[in-house]
Amino acid sequence: MTLNVLWILVGIALVLWGADRLTDGAVAVAEQMRVPQIVIGLTVVAMGTSMPEFCVSLVSALKGTPDLAVGNIVGSDIFNTLLIVGVSALTAPMAILKNTVRKDIPFSLVASAVLLIMCLDREIGRGDAAVLFVLFLSFMYMTLKEAGTEEAGGDSDRKKPQAAWLSAVWIVVGLACLIGGSNLFVEGATGVAASLGVSEAVIGLTIVAGGTSLPELATSVVSARKGNSGIAVGNVLGSNVFNILAILGVTGMITPMKLRGITMTDLSMLVVSVILLWLFSFTRYRIERWEGAVLTAVFVGYMCYLV
């Protein structure tokens with residue numbers, strides 16, 4: 001048990017550090033290629049912050065633990081929507097961008113509802129996964145098209161670009177840490193589940209989901225305190241869409257997943273969490289402290305139900 005917990009902690013550290021290094025390297029390469037910063041943010045950085053979920057879910061599915069893979073995604077999205085937004089709003093009331101209410105939240109709701117419907121037969125096949133990935137491509141097209149109408153800005157303030165060889169080294173090192181850390185993380189989580197007699201689905205929905213969502217939690221709380229809450233919420237929702245459509249899409253096309261422990265209650269909670277956030281966002285495009293408290297309380301209640 002102690003060794004499994006150690007593998008989980010080492011795995012989390014490697015995955016988070018690796019994702020950071022990979023993102024730094026990829027951003028540096030994109031800057032050297034003169035890619036506008038807004039496009040870098042919407043693609044490279046957004047995908048980089050979701051790399052922990054991607055690697056852990058893919059490795060879990062390949063190792064024959066699909067409940068851990070899907071539980072990681074469902075749990076991460078619930079964690080993002082309820083706890084991260086909730087705690088951030090408790091820290092400081094959060095302003096919500098109109099674009100977030102108009103596009104990001106509805107698209108996140110659609111992605112969650114589509115996943116729930118696909119899981120009714122307890123399986124995510126290659127056909128299901130392909131549909132998810134096509135929806136992801138549609139979301140990226142809409143996002144990049146919208147970004148293209150805006151001024152990129154900020155290019156004059158760009159710092160001195162990183163050396164090409166160093167960027168390549170960080171990308172390779174980041175990928176290696178992501179793969180190695182994910183393997184350790186999944187092995188440790190599976191071992192803990194076996195030792196405690198807890199299902200892999202519950203471990204995925206709690207420990208694994210929380211571990212891979214730690215960067216988003218820290219970033220969003222700091223953003224809320226600095227008054228950049230609108231961007232923080234948009235990033236959280238973008239991460240949710242990427243998790244469901246891209247990660248489960250790619251993972252499912254590589255290896256179809258049969259679900260055992262993920263229940264309709266878990267998937268329904270995912271949909272309910274987005275609906276709650278959407279309802280609260282309509283109140284003057286703000287999430288007040290009491291609304292943050294409600295989101296946090298719902299999350300705590302759900303965790304108590306799982307445990």
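- In this pair, Tyr302 and Tyr305 present their aromatic rings parallel. The plane angle is below 30°, not in the 30 to 60° band.
- There is no path of hydrophobic side-chain contacts, each under 4.5 Å, that joins Leu68 to Leu14.
- Asn72 contributes no side-chain N or O that, together with a main-chain N or O of Ala69, makes up a donor-acceptor pair within less than 3.5 Å.
- Taking both residues in full, the closest heavy atoms of Ala111 and Ile244 are given as O-CG2, 3.8 Å, listed atom of the first, atom of the second, then distance.
- Counting only heavy atoms from C-beta outward, the side chains of Val272 and Val298 never approach each other to under 4.5 Å.
- Formation of a donor-acceptor pair under 3.5 Å by the Arg289 side chain with backbone atoms of Pro93 is not found in this model.
- Considering all non-hydrogen atoms of both residues, Ala89 and Met94 come closest at N-SD, 3.5 Å.
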Stepwise, does the salt bridge (Lys or Arg N to Asp or Glu O under 4.0 Å) test hold for Arg286 with Glu288? CA-CA 6 Å; Arg286 283 169 62 87; Glu288 304 292 348; 3.1 Å; yes
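- Leu9 has its side chain out of reach of Phe185: every pair of non-hydrogen atoms, C-beta onward, lies at least 4.5 Å apart.
- The two residues Gly11 and Leu184 come nearest to each other via the heavy atoms CA-CB, 4.2 Å.
- Both Val294 and Val101 are members of a single hydrophobic cluster when ILVMFWY side chains are connected at heavy-atom separations under 4.5 Å.
- Transitive grouping of hydrophobic side chains (ILVMFWY, heavy atoms separated by less than 4.5 Å) brings Val56 and Ile8 into a common cluster.
- Residues Phe282 and Ile96 form no side-chain contact, since every pair of their non-hydrogen atoms from C-beta on lies 4.5 Å or further apart.
- Listed for the Ser199 side chain is no donor-acceptor partner under 3.5 Å among the backbone atoms of Gly261.
- Under the 4.5 Å side-chain criterion, counting only non-hydrogen atoms from C-beta, Val300 is not in contact with Met303.
- Closest approach of Thr100 to Pro106, counting heavy atoms only: O-CD, 4.0 Å.
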Mind running side chain to side chain contact (heavy atoms under 4.5 Å, CB included) on Glu123 and Leu259 for me, showing each step along the way? CA-CA 6 Å; Glu123 181 178 7; Leu259 308 181; over 6 Å; no
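- Thr81 and Asn240 form a side-chain donor-acceptor contact under 3.5 Å, judged by distance and modelled atom types alone.
- Rounding to the nearest 0.5 Å gives a distance of 11.5 Å between CG of Leu132 and CD1 of Ile247.
- Both Leu120 and Met269 sit in one connected hydrophobic cluster of ILVMFWY residues. Membership requires side-chain heavy atoms under 4.5 Å apart, directly or through other members.
- Contact detail for Ala209 and Gly71: the closest heavy-atom pair is CB-O, 4.4 Å.
- Atom-to-atom distance recorded for Leu245:CG and Phe107:CZ is 6.0 Å, nearest 0.5 angstrom.
- In this structure, the separation between CD1 on Ile84 and CG on Leu295 is 12.0 Å, given to the nearest 0.5 Å.
- When only modelled atom types and interatomic distance are considered, Ser76 and Asn243 share no side-chain donor-acceptor pair under 3.5 Å.
- Note that CZ of Phe280 is 11.5 Å distant from CD1 of Ile105, once rounded to the nearest 0.5 Å.
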Would you check, one step at a time, whether the test side chain to side chain contact (heavy atoms under 4.5 Å, CB included) holds for Ile275 with Trp278? CA-CA 5 Å; Ile275 292 174; Trp278 203 12; 5.6 Å; no
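- Between Ala61 and Thr251, the closest heavy-atom pair is CB-CG2, 3.5 Å.
- Qualifying side-chain contact (heavy atoms from CB on, under 4.5 Å) partners for Leu267, counting only residues two or more places apart in sequence or in other chains: Val74, Leu115, Leu116, Cys119, Ile262, Met264.
- Of the inter-residue distances, the one linking Leu137 atom CG with Met142 atom CE reads 13.0 Å to the nearest 0.5 angstrom.
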Just do the side chain to side chain contact (heavy atoms under 4.5 Å, CB included) check on Asp128 and Val114 with the steps written out, would you? CA-CA 9 Å; Asp128 296 330; Val114 168; over 6 Å; no
Can you list the steps and then say if Phe79 with Thr206 is a side chain to side chain contact (heavy atoms under 4.5 Å, CB included)? CA-CA 9 Å; Phe79 187 96; Thr206 54; over 6 Å; no
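- Within the 3.5 Å criterion, the main-chain N or O of Val87 finds a donor-acceptor partner in the side chain of Thr91.
- Counting only distance, with no hydrogens or angles, the side chain of Asp67 and the backbone of Arg260 share a donor-acceptor pair below 3.5 Å.
- Linking ILVMFWY side-chain heavy atoms closer than 4.5 Å, directly or via other members, places Val202 and Val208 in a single hydrophobic cluster.
- Counting heavy atoms from C-beta on, the side chains of Asp104 and Phe139 come closer than 4.5 Å.
- Residues Val250 and Leu58 have side chains not in contact (no heavy-atom distance under 4.5 Å, counting atoms from C-beta outward).
- The closest side-chain heavy-atom distance from Ile124 to Lys258 is not below 4.5 Å.
- In this structure, Ile171 and Arg21 have side chains that are not in contact, with every pair of non-hydrogen atoms separated by 4.5 Å or more.
- Between the CG atom in Asn80 and the OG atom in Ser273 there is a gap of 9.5 Å [rounded to 0.5 Å].
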